[in-house]
Amino acid sequence: MSPIDTSIGPDRARELFRAELADVRTDAELQALRMRWVGRKGSWVAAFMEALATATPEQKKAFGRGANELKNEVEAAITEREAALAATRQPANAVDITLPGRRPAFGHRHPLSLIRDEVGAIFTRLGYQVLEGPEIEDDYHNFEALNMPEEHPARDMQDTLYLAEPLRIGAGQPLTLLRTHTSAMQIRHMEQHAPPVRLVAIGPVYRKDNLDLTHTPMFHQVEGLVVGKGVTLADLKGTLAAMAEALFGTGIGIRFRPSFFPYTEPSAEVDIQCIKCKGSGCSMCKRTGWIEILGSGMVHPAVFEAVGYDPNEVTGFAFGMGVERVALLKWGAEDIRLFYENDLRFLEQFGL
Ligand code: DAH
């Protein structure tokens with residue numbers, strides 16, 4: 001910065017000013033520049049005005065105009081630069097738009113919800129209706145109407161969780177237990193609807209089981225029921241084969257093994273080909289090549305009689321499948337408890 005010296009004349013001073021202005025970067029530098037050029041005392045402009053006051057008429061003529069132009073230019077340029085600096089200044093709470101964005105955390109549907117929805121979609125395509133139903137049941141719907149009268153040994157097949165106090169709602173039987181299977185929904189639906197029937201009922205069921213690799217006291221089932229004229233075991237097998245292919249992949253084989261359930265006759269347990277070894281035998285299928293996935297059969301005439309259907313008019317098939325079991329098989333998981341521990345590292349593996 002050169003010392004203030006009016007003898008260089010206003011035009012040269014103006015060039016100096018422009019050079020100094022070009023170097024200004026901050027508000028503080030701009031304030032200093034303002035003081036130096038248009039401050040009341042000791043500034044370039046003040047010096048020119050003083051010089052003018054004592055100048056001869058000839059000198060006034062020579063640079064009076066230039067001094068005024070200098071003053072105007074300096075003031076205008078400083079005001080302009082002040083506005084420019086203000087426009088680039090960040091407010092105190094400014095957002096740094098150069099930071100990388102924060103990835104939004106998406107929720108994930110629970111793996112069991114994915115299976116439930118997939119099974120529901122498979123049967124919706126086949127023309128079934130998808131139902132839910134009450135989890136607290138009475139003895140009649142859970143056992144008796146399913147051909148398991150009191151003292152029937154089949155009741156020992158399931159260890160039932162009973163309510164401490166029966167619940168009385170409306171005129172029906174008192175509700176005494178948590179349903180042990182979704183088969184209760186067969187009865188509830190047929191009581192209210194004439195045949196034909198084509199339904200799946202999906203939801204939680206409860207048993208007095210201790211937690212281990214394959215048991216939880218609450219788990220989920222898919223119940224299927226088809227009733228109409230001329231429904232046969234072949235329809236059951238074709239339906240389950242279609243479901244197995246849709247769930248586990250085209251070409252997966254199924255087989256029926258004779259079994260017993262009080263509410264079906266004949267009854268069968270159904271296996272799918274081991275999805276790990278494709279049937280050749282591995283540790284997952286205990287070297288058999290097959291894995292059990294559900295129970296099924298032709299609806300027992302006693303069940304039809306309980307709901308007022310004529311067993312000479314209609315026939316039907318039914319099946320019940322564990323949702324957790326399907327999920328474990330499909331994803332090759334080994335511990336059913338993972339579904340209930342809410343560990344995000346597990347839950348986030350299954351898509352949205
Ligand atoms: N209720 C049986 C269970 O919980 C499964 C089952 C077997 C359901 C045969 C059915 C059936 O509808 O026909 O293990």
Side-chain angles (χ1 to χ4, degrees), residues 119 123 128-135 137 139-148 152-161 177-191 195 197-209 214-228 231-241 243-244 254-272 291-304 306-307 309 311 314-326 328 336:
V119 170
F123 282 100
Y128 287 55
Q129 55 180 315
V130 180
L131 305 177
E132 293 181 14
E135 292 166 43
E137 264 298 0
D139 190 89
Y140 178 77
H141 290 91
N142 196 77
F143 293 123
E144 199 176 324
L146 287 163
N147 200 26
M148 286 180 273
H152 192 292
R155 289 195 179 192
D156 295 339
M157 284 165 69
Q158 291 143 350
D159 262 349
T160 306
L161 283 158
L177 51 87
L178 300 182
R179 66 178 178 191
T180 58
H181 53 183
T182 43
S183 304
M185 278 304 289
Q186 295 187 22
I187 306 302
R188 289 208 170 268
H189 185 83
M190 287 191 287
E191 277 177 345
V197 171
R198 221 187 285 168
L199 68 84
V200 283
I202 311 181
V205 299
Y206 300 84
R207 292 188 195 169
K208 231 178 193 166
D209 277 326
T214 53
H215 294 88
T216 47
M218 187 275 296
F219 60 100
H220 297 79
Q221 283 188 332
V222 181
E223 188 81 14
L225 176 68
V226 172
V227 181
V231 176
T232 68
L233 191 69
D235 296 320
L236 172 61
K237 194 161 186 184
T239 303
L240 295 180
M243 179 193 74
I254 64 167
R255 73 173 183 184
F256 278 36
R257 271 183 296 107
S259 185
F260 172 78
F261 300 101
Y263 31 93
T264 45
E265 180 59 36
S267 303
E269 272 170 340
V270 175
D271 300 340
I272 56 166
I291 292 178
E292 182 194 326
I293 59 159
L294 57 83
S296 68
M298 300 306 291
V299 179
H300 197 291
V303 173
F304 284 145
V307 296
Y309 282 17
V314 292
T315 52
F317 67 72
F319 61 88
M321 178 172 74
V323 174
E324 281 79 351
R325 188 150 176 75
V326 171
L328 289 172
I336 194 174

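Order of listing sets the numbers, starting from 1, for every ligand and every atom in it. Only this structure's heavy atoms are used, side chains among them; waters, hydrogens and symmetry mates stay out.
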Please set out all donor-acceptor pairs under 3.5 angstrom arising from side-chain atoms of residues 317-325, sequence neighbours excluded.
from   : atom 1 : to     : atom 2 : distance (Å)
Glu324 : OE1    : His220 : N      : 2.9
Glu324 : OE2    : His220 : N      : 3.2
Glu324 : OE2    : His220 : ND1    : 2.8
Glu324 : OE2    : Tyr340 : OH     : 2.2
Arg325 : NE     : Glu292 : O      : 2.7
Arg325 : NH2    : Glu292 : O      : 3.0

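- Those atoms of ligand 1 with a heavy atom of Gly320 less than 4.0 angstrom away are 5 (C), 6 (C), 8 (C), 10 (C), 12 (O).
- Ligand 1 lies within reach of Tyr263, whose nearest heavy atom is under 4.0 Å from it.
- Here is the list of ligand 1 atoms found below 4.0 Å of a heavy atom in Thr264: 13 (O).
- Between His181 and Phe143, the two ring planes are tilted [angle within 30° to 60°].
- Remark: ligand 1 and His181 share an N or O pair separated by less than 3.5 Å (distance only, no angle test).
- Which parts of ligand 1 touch Phe261 is read off a 4.0 Å heavy-atom cut-off, strictly below it: atoms 7 (C), 9 (C).
- Side-chain atoms of Thr315 come within 3.5 Å of backbone atoms of Val231 as a donor-acceptor pair (strictly under, hydrogens ignored).
- No salt bridge links Asp159 with Arg207; every basic N to acidic carboxylate O contact stays at or beyond 4.0 Å.
- Of all the heavy atoms of His300, none lies under 4.0 Å from any atom of ligand 1, so neither backbone nor side chain is involved.
- Listed by number with element, the atoms of ligand 1 under 4.0 angstrom from any heavy atom of Arg207 are 3 (C), 4 (O), 14 (O).
- Between His141 and Gln186, the side chains place no donor N or O within less than 3.5 Å of an acceptor N or O (distance only, hydrogens not considered).
- Asn142 places no side-chain N or O within donor-acceptor distance of the main-chain N or O of Asp139, the cut-off being under 3.5 Å.
- Ligand-side atoms of ligand 1 in range of Ser296: 7 (C), 9 (C), 11 (C), 13 (O), range being under 4.0 angstrom from any heavy atom.
- Annotation: Ala318 places an N or O atom under 3.5 Å from an N or O atom of ligand 1; distance criterion only.
- Any N or O atom pair closer than 3.5 Å counts here, and Thr180 shares no such pair with ligand 1.
- Checking Asp209 against Thr216 by side-chain atom types alone, no donor-acceptor pair falls below 3.5 Å.
- Using a 4.0 Å cut-off to heavy atoms of Gln186, the atoms of ligand 1 that qualify are 12 (O).
- A donor-acceptor pair under 3.5 Å is formed between the side chain of Arg179 and the backbone N or O of Pro204.
- Counting the atoms of ligand 1 from 1 in the order shown, those under 4.0 Å from a heavy atom of Gly297 are 13 (O).
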